[in-house]
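Notes to accompany the following structure.
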Number of protein chains: 2
Amino acid sequence: MTKPATREQIIETADRLFYQQGFNHTSFSDIAAQLNISRGNFYYHFQTKDDILQSVIEARLEKTREMLKRWEEEASTPKARIKKYMQILNTNWDKIQYYGCPVGTLCTELAKLNHASLPEANRLFTLFRNWLREQFIQLGCEENADELAMQVLAWSQGVATLANAFADKKFAQQEVRKMCNWLDNYNK
Amino acid sequence: MTKPATREQIIETADRLFYQQGFNHTSFSDIAAQLNISRGNFYYHFQTKDDILQSVIEARLEKTREMLKRWEEEASTPKARIKKYMQILNTNWDKIQYYGCPVGTLCTELAKLNHASLPEANRLFTLFRNWLREQFIQLGCEENADELAMQVLAWSQGVATLANAFADKKFAQQEVRKMCNWLDNYNK
DNA sequence: GTCTATACAGGGATAGAC
DNA sequence: GTCTATCCCTGTATAGAC
């Protein structure tokens with residue numbers, strides 16, 4: 001068992017700090033301090049800060065794919081799988097409370113920075129969107145599956161933004177309950 | 001008719017750039033370049049960059065109050081007034097497409113920056129929240145007026161985030177229609 | 001692979017002339 | 001009120017020793 005390669009550690013730490021502080025506001029010094037490496041060392045592993053962002057997004061895409069796969073193994077019905085998504089707001093509340101949704105806030109920031117990696121970041125949304133659509137198709141909603149997927153995406157996204165702004169856990173929990181109820185009563 | 005005071009021009013330009021580029025990513029040079037004033041001149045009108053942000057938020061609060069007042073004059077029923085809010089996504093689409101919701105994106109950024117003015121920025125949300133709640137009370141939903149206000153807020157917030165990420169106007173329009181339909185059928 | 005030293009640009013902020 | 005000049009710090013990035 002070898003120790004994690006420095007490159008992987010950089011990606012991991014950058015991932016966390018980009019989420020907590022934003023991409024633009026996270027400096028090499030911030031990352032270096034957490035890892036006890038020098039600033040100069042970065043440039044052996046990456047050419048620019050944007051390259052680190054690229055790798056962070058790729059890592060997030062991969063982790064998300066694995067999570068969706070896990071959900072499919074853990075839940076046997078489409079509705080149960082969709083609820084796994086809806087429950088993230090509770091599962092990850094400790095982070096969402098302070099930093100919002102990792103996907104939404106990254107895309108929002110990159111849009112304002114007019115950053116070249118925005119399309120890559122959007123693929124995170126697309127991943128969830130396509131997965132949710134597939135679940136709605138399995139539920140028998142072929143004709144409007146994508147619309148429903150976007151609706152669920154938007155709902156949780158809005159709740160994340162407001163719950164983050166107001167640091168309101170009860171609101172988040174209540175909305176998750178409402179989402180699940182809506183789903184239970186949908187297409188019955 | 002005197003020409004607008006420099007102080008007001010700074011606030012106005014900072015307001016626009018903070019929205020378009022984000023607070024952190026907007027420099028004194030950016031604002032100065034737009035106004036053809038020198039960087040040094042800022043410090044006659046403001047002590048720090050954070051002070052400019054404070055003034056920008058105050059200006060937004062004031063403009064929002066005026067807008068809500070106008071809506072009350074223009075629309076005679078609670079439902080018509082709530083629809084004014086829902087329609088913003090269409091009215092301001094040209095900006096939202098590129099920069100998202102001015103309230104949500106500011107609060108999201110300030111949360112990540114751990115910025116002292118976050119509570120002030122949140123008051124923008126509260127302004128809409130209280131106004132929407134009042135409309136729902138007038139609609140006869142005393143018991144859950146605040147919950148409904150938050151729901152409408154979250155819905156439009158989520159749509160703004162997704163529509164911004166995907167630059168999808170049709171999605172935004174369709175969701176506005178769905179919101180209005182939902183409202184029409186509510187409490188009938 | 002990792003370090004130190006350093007270059008260079010850009011940030012916010014101050015001093016003082018006009 | 002507005003300017004120029006300047007300070008100091010932090011940011012990304014590079015060069016080269018180890």
Side-chain angles (χ1 to χ4, degrees), chain A residues 1-57 59 106 109-110 112-118 120-121, chain B residues 1-57 59 106 109-110 112-118 120-121:
Chain A
M1 178 81 187
T2 63
K3 68 165 185 173
T6 300
R7 188 189 151 87
E8 302 312 312
Q9 286 187 304
I10 291 174
I11 294 172
E12 199 179 317
T13 303
D15 188 353
R16 198 181 76 247
L17 291 182
F18 288 174
Y19 176 39
Q20 294 175 343
Q21 312 181 337
F23 166 71
N24 204 35
H25 191 239
T26 299
S27 67
F28 285 86
S29 298
D30 290 336
I31 305 170
Q34 300 255 331
L35 291 174
N36 280 313
I37 63 173
S38 70
R39 271 170 303 156
N41 194 357
F42 282 99
Y43 294 89
Y44 175 80
H45 301 282
F46 300 92
Q47 296 213 339
T48 68
K49 191 184 174 186
D50 288 346
D51 286 347
I52 301 181
L53 176 61
Q54 270 292 128
S55 296
V56 165
I57 294 174
L106 180 64
E109 180 180 5
L110 296 185
K112 290 213 196 259
L113 297 179
N114 210 2
H115 195 285
S117 288
L118 175 58
E120 275 298 293
Chain B
M1 176 84 186
T2 63
K3 67 167 187 176
T6 301
R7 188 190 152 87
E8 302 312 312
Q9 286 188 304
I10 292 174
I11 294 172
E12 199 179 318
T13 303
D15 188 354
R16 197 181 76 247
L17 292 182
F18 289 174
Y19 175 40
Q20 294 175 341
Q21 312 180 337
F23 167 70
N24 205 34
H25 190 239
T26 299
S27 68
F28 284 86
S29 300
D30 291 335
I31 305 170
Q34 299 255 333
L35 291 174
N36 280 312
I37 63 172
S38 70
R39 273 171 300 155
N41 194 356
F42 282 99
Y43 294 89
Y44 175 78
H45 301 282
F46 300 93
Q47 296 214 339
T48 68
K49 191 183 175 187
D50 288 345
D51 286 347
I52 300 181
L53 175 61
Q54 270 292 128
S55 295
V56 165
I57 294 173
L106 180 64
E109 182 182 5
L110 295 185
K112 289 211 196 261
L113 297 180
N114 210 1
H115 196 286
S117 288
L118 175 59
E120 275 300 291

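Below, chains carry the letters A, B, ... as their sequence lines are ordered, and counting in each starts from 1.
Ile10(A) places its CD1 atom 11 Å from the C1' atom of dG1(C), with the value rounded to the nearest Å. A straight line from CZ of Phe42(A) to P of dG1(C) spans 16 Å, rounded to a whole angstrom. Taking atom CZ of Arg39(A) as the reference point, atom P of dA5(C) lies 11 Å away to the nearest angstrom. The distance from atom CZ of Arg7(B) to atom C1' of dG1(D) is 14 Å, rounded to the nearest whole Å. Between the CD1 atom of Ile52(A) and the P atom of dG11(D) there is a distance of 14 Å, rounded to whole Å. Atom pair Lys49(A):NZ and dG11(D):C1' shows a separation of 8 Å (rounding to whole Å applied). Taking atom CZ of residue Phe46(A) and atom P of nucleotide dG1(C), one finds them 13 Å apart after rounding to whole Å. In this entry the distance linking CD of Gln9(B) with C1' of dT2(D) reads 13 Å, nearest Å.
Close to dC3(C), at under 4.0 Å from its OP1 or OP2, lies a side-chain N or O of Asn41(A). For dT2(C), one of the phosphate oxygens OP1 or OP2 lies less than 4.0 angstrom from a side-chain nitrogen or oxygen of Thr6(A). OP1 or OP2 of dA13(D) sits under 4.0 Å from a side-chain N or O of Tyr43(A). Using a 4.0 Å cut-off, no side-chain N or O of Tyr44(B) falls inside it from OP1 or OP2 of dT2(D).
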Which atoms of nucleotides 15-17 of chain D (N or O only) lie under 3.5 Å from a protein N or O atom, and what are those distances?
none

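Heavy-atom neighbours of Asp51(A) CG from other residues, nucleotides or ligands within 6.0 Å: above the threshold of 12.
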Distance-only donor-acceptor hits, side chain of residues 26-42 of chain B, under 3.5 Å, sequence neighbours excluded:
residue	atom	partner	partner atom	Å
Thr26(B)	OG1	Leu17(B)	O	3.3
Thr26(B)	OG1	Gln21(B)	OE1	3.3
Thr26(B)	OG1	Gly22(B)	O	2.7
Ser27(B)	OG	Ser29(B)	N	3.4
Ser27(B)	OG	Asp30(B)	N	3.1
Ser27(B)	OG	Asp30(B)	OD2	3.3
Asp30(B)	OD2	Ser27(B)	N	3.1
Gln34(B)	OE1	Arg16(B)	NH2	2.2
Ser38(B)	OG	Asn41(B)	N	3.3

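Across all non-hydrogen atoms, the minimal contact from Glu120(B) to Gln54(B) is CG-OE1, 3.5 Å. Nearest heavy-atom pair, Ala59(B) versus Ile11(B), reported as atom, atom and distance to 0.1 Å: CB-CG2, 4.0 Å. In plain terms, the two heavy atoms of Ala14(B) and Ile52(B) that are nearest each other are CB-CG2, 3.7 Å. Taking every heavy atom of both residues into account, Leu110(B) and Leu53(B) meet most closely at CD2-CD2, 3.9 Å.
Counting only distance, with no hydrogens or angles, the side chain of Glu109(B) and the backbone of Asn24(B) share a donor-acceptor pair below 3.5 Å.
Taking 4.5 Å as the limit, every side-chain heavy atom of Arg7(B) sits out of range of all side-chain heavy atoms of Tyr44(B).
Residues from residues 13-30 of chain B that place a heavy atom under 4.0 Å from any atom of DNA chain C, listed by number: Thr26(B), Ser27(B), Phe28(B), Ser29(B).
When only modelled atom types and interatomic distance are considered, His115(A) and Asp50(A) share a side-chain donor-acceptor pair under 3.5 Å.
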